[in-house]
Every structure is written in C-alpha cells, then in structure tokens.
Amino acid sequence: FDQYSAYMDYMLEDDNWSRTCTIYFPPIKEACSNCVNLAGQTSNAYQSGGPAPFSFNSCQYCGGDGFREKEVTDTIRLRIYWQKRDWVKTGNISLQNAACMVVGKKEDLHLLLKMSEIELVSEETTLKMRYTLEGQPSFHGLGKKNYFIAYLKS
C-alpha cells in the first residue's frame, strides 16, 4: 500500500503525469473602492483616492452598483485522462456528457467540490478550456483511498 501511495504521489507531482489546473470559485462581492458607500449602497460620489475619478452620473468602476465582483482562484494538481478507454467507471453515474476523467489527492477534493469551474490545458492543442463536475467524485486507492476520481464536462 505504501509503494502504491508513493507512486501515486509521484505521478501527481511530476509534469509528465499531471498538470497544475486553475480552479475558479464563485466570485465574491467587494465594496467599490472608487465611490462612497453608505450602508452597502453607492452614493455615486467619487471616493477620494479611487482608481477612476468621475464627476457626473454613476461610477464607471462599479457601474453604479456600489460593489465589484472579484474572481477567486486556486490551483490543484491533477492527472487528466482525455481518452474514454483510459477511464475507470466509478459509482452509478452516466458518463455520456463527461469530457475527461481526473485523479487528485483526497485533501484537495474540497476545492473541487466548491468550484464553479476548473481550467484544464489540453495536451494536444495546449488550449485552455473550462469544465464543471459531472456527478459526484469517488475515492480511489488501495487501502487508505487517499485519492479521488472525478469526471468533468464542458
């Protein structure tokens, strides 16, 4: 079991076997730093020191909303299997819409479950595309099951 885990860890750390993928979480709202906010509402008055001064109308920085959405990301190492013949079918899910299968460390699964999308780079074309989960991930590995398998759809 220890040799299996050591080999799985090696494959998740080596660029020949796995890739660093960017995970995108739902954006968070931040108060606009360009206009004066009063109780969560914009007053459409310029905030001194803001990045985009304005005099009339609404703040162009936040569109008059009083907040801006901030993109939240993280990275994760995954083995990516693009060919269906290489996939391991786990659980009772349909793989009809799946574009790929990924394998990662169990401790990183919480990131995958909270994501809105994940960006993978295709080995053949080097194109970056975003994917979402297809079904529930399942645990994988001999004995301790320290890894997960998940299917992604475009």
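For this chain, numbers begin at 1 and follow the sequence in order.
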Does [X] reach the main-chain N or O of [Y] with its side chain, forming a donor-acceptor pair under 3.5 Å?
X    : Y    : result
W87  : Q83  : yes
Y46  : G50  : yes
R68  : Y61  : yes
R79  : V102 : no
Q60  : S58  : yes
N34  : A52  : yes
S154 : Y131 : no
T22  : T75  : no
D14  : N16  : yes

I need the minimum non-hydrogen distance between [X] and [Y], along with the two atoms involved.
X    : Y    : result
P26  : V72  : O-CG2, 4.4 Å
D86  : Y81  : CB-CD2, 3.9 Å
M115 : L112 : CG-O, 3.0 Å
F54  : A45  : CZ-C, 3.8 Å
F148 : K105 : CE2-O, 3.1 Å
S5   : N146 : OG-ND2, 4.1 Å

Sub-4.5 Å side-chain heavy-atom contact between [X] and [Y]:
X    : Y    : answer
P137 : I149 : no
L120 : W82  : yes
L78  : I118 : yes

From [atom1] ([X]) to [atom2] ([Y]), nearest 0.5 Å:
X    : Y    : atom1 : atom2 : result
F67  : E30  : CZ    : CD    : 11.5 Å
Y10  : Y7   : OH    : OH    : 7.5 Å
S116 : F25  : OG    : CZ    : 8.5 Å
E117 : R130 : CD    : CZ    : 5.0 Å
Q136 : L109 : CD    : CG    : 8.5 Å
L133 : L113 : CG    : CG    : 6.5 Å

More than 12 heavy atoms of other groups within 6.0 Å of E107 CD: yes

Lys/Arg N to Asp/Glu carboxylate O, E69 vs K29, below 4.0 Å: no

Name of the residue among V121, L152, I80, D74 meeting side chain to side chain contact (heavy atoms under 4.5 Å, CB included) with C21: I80

Residues D9, Y147; criterion side chain to side chain donor-acceptor pair (under 3.5 Å); working and verdict: CA-CA 9 Å; D9 288 343; Y147 309 94; 2.8 Å; yes

Steps toward side chain to side chain contact (heavy atoms under 4.5 Å, CB included) verdict (M8, E13): CA-CA 9 Å; M8 290 288 286; E13 295 164 5; over 6 Å; no

